[in-house]
Enquirer: 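First the structure, which I've put down as structure tokens, then a few questions once you've had a look.
What you are looking at is a predicted structure, and each value in this text was computed from that prediction instead of being measured.
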Amino acid sequence: MYKIAVLGDRDSIYGFAALGLEVFPVSGSEEGGKTLRRLSEQDYAVIYITEALAEELSAELDHFRESLLPAVIPIPGVQGNTGMGIRMVKHSVEQAVGSDIIFNDN
């Protein structure tokens with residue numbers, strides 16, 4: 001059975017444990033990268049990652065865009081929304097459809 005993980009700074013992810021998700025607090029990009037790789041090799045279908053950490057690991061996240069599992073999804077942290085999550089959705093839609101059909105600025 002697949003599991004769901006939440007990765008990021010402790011303050012941002014601690015509440016997800018109350019929902020029954022497995023939380024993995026990390027204190028920096030090096031630790032975050034190692035934890036992300038370890039989780040991707042286990043039975044995690046979805047890994048939520050704070051936007052701040054995702055920005056630090058952007059090169060590593062590119063690898064996961066090409067794979068079916070796990071789905072790595074950025075979420076806002078306690079610092080607020082950086083806009084990274086919406087940019088990733090926009091990029092994915094553009095790749096799938098070939099055009100910006102959702103966020104057209106016209």
Enquirer: Same cluster or not: Val6 versus Val46, using hydrophobic residues (I, L, V, M, F, W, Y) connected whenever any side-chain heavy atoms lie under 4.5 Å apart?
Expert: yes
Enquirer: Would a hydrophobic clustering, with Ile, Leu, Val, Met, Phe, Trp and Tyr connected at side-chain separations under 4.5 Å, put Phe16 with Val26?
Expert: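 Different clusters: Phe16 never reaches Val26 through Ile, Leu, Val, Met, Phe, Trp or Tyr contacts under 4.5 Å.
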Enquirer: Walk me through whether Ile13 and Tyr48 qualify under side chain to side chain contact (heavy atoms under 4.5 Å, CB included).
Expert: CA-CA 9 Å; Ile13 67 169; Tyr48 292 107; over 6 Å; no
Enquirer: For Ile47 and Phe64, run side chain to side chain contact (heavy atoms under 4.5 Å, CB included): C-alpha distance rounded to whole Å, both residues' side-chain angles, the deciding distance at 0.1 Å, then the answer.
Expert: CA-CA 11 Å; Ile47 300 173; Phe64 293 104; 5.9 Å; no
Enquirer: Applying side chain to side chain contact (heavy atoms under 4.5 Å, CB included), run through Leu36 and Leu61 and close with a yes or a no.
Expert: CA-CA 9 Å; Leu36 179 62; Leu61 292 181; 3.8 Å; yes
Enquirer: Shortest non-hydrogen contact from Glu56 to Ser29?
Expert: OE1-CB, 3.0 Å
Enquirer: Taking the side chain as every heavy atom from C-beta outward, state whether Thr50 and Leu7 have any pair of such atoms under 4.5 Å apart.
Expert: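 Result no, sub-4.5 Å side-chain heavy-atom pair not found.
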Enquirer: Around atom CG of Leu19, are there more than 12 heavy atoms of other residues, nucleotides or ligands at under 6.0 Å?
Expert: yes
Enquirer: To the nearest 0.5 Å, tell me how far Lys3 NZ sits from Gln42 CD.
Expert: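 Separation between the atoms: 5.5 Å.
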Enquirer: Do the side chain of Ser12 and the main chain of Val78 share a donor and acceptor less than 3.5 angstrom apart?
Expert: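 Looks like yes, one N/O pair under 3.5 Å.
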Enquirer: Ignoring hydrogens and angles, tell me if any N or O in the side chain of Arg38 forms a donor-acceptor pair with the backbone of Lys34 under 3.5 Å.
Expert: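 No.
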Enquirer: Kindly say whether Glu31 contributes a backbone atom to a donor-acceptor pair with the side chain of Thr35 at under 3.5 angstrom?
Expert: yes
Enquirer: For Gly33 versus Glu60, what's the shortest heavy-atom pair and its separation?
Expert: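 In this case the closest contact between Gly33 and Glu60 is O-OE2, 3.5 Å.
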Enquirer: Verify side chain to side chain contact (heavy atoms under 4.5 Å, CB included) between Ile75 and Ile49, making sure each step is shown before the conclusion.
Expert: CA-CA 6 Å; Ile75 57 173; Ile49 183 171; over 6 Å; no
Enquirer: If Ile, Leu, Val, Met, Phe, Trp and Tyr residues are connected whenever their side-chain heavy atoms lie under 4.5 Å apart, and connections chain through other members, are Ile73 and Leu21 in the same group?
Expert: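 Linked, Ile73 and Leu21 end up in one cluster.
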Enquirer: Taking the inter-plane angle between the rings of Tyr44 and Phe24 on a 0 to 90° scale, is it parallel (under 30°), tilted (30 to 60°) or perpendicular (over 60°)?
Expert: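 Taking Phe24 first and then Tyr44, their aromatic rings stand perpendicular (interplane angle over 60°).
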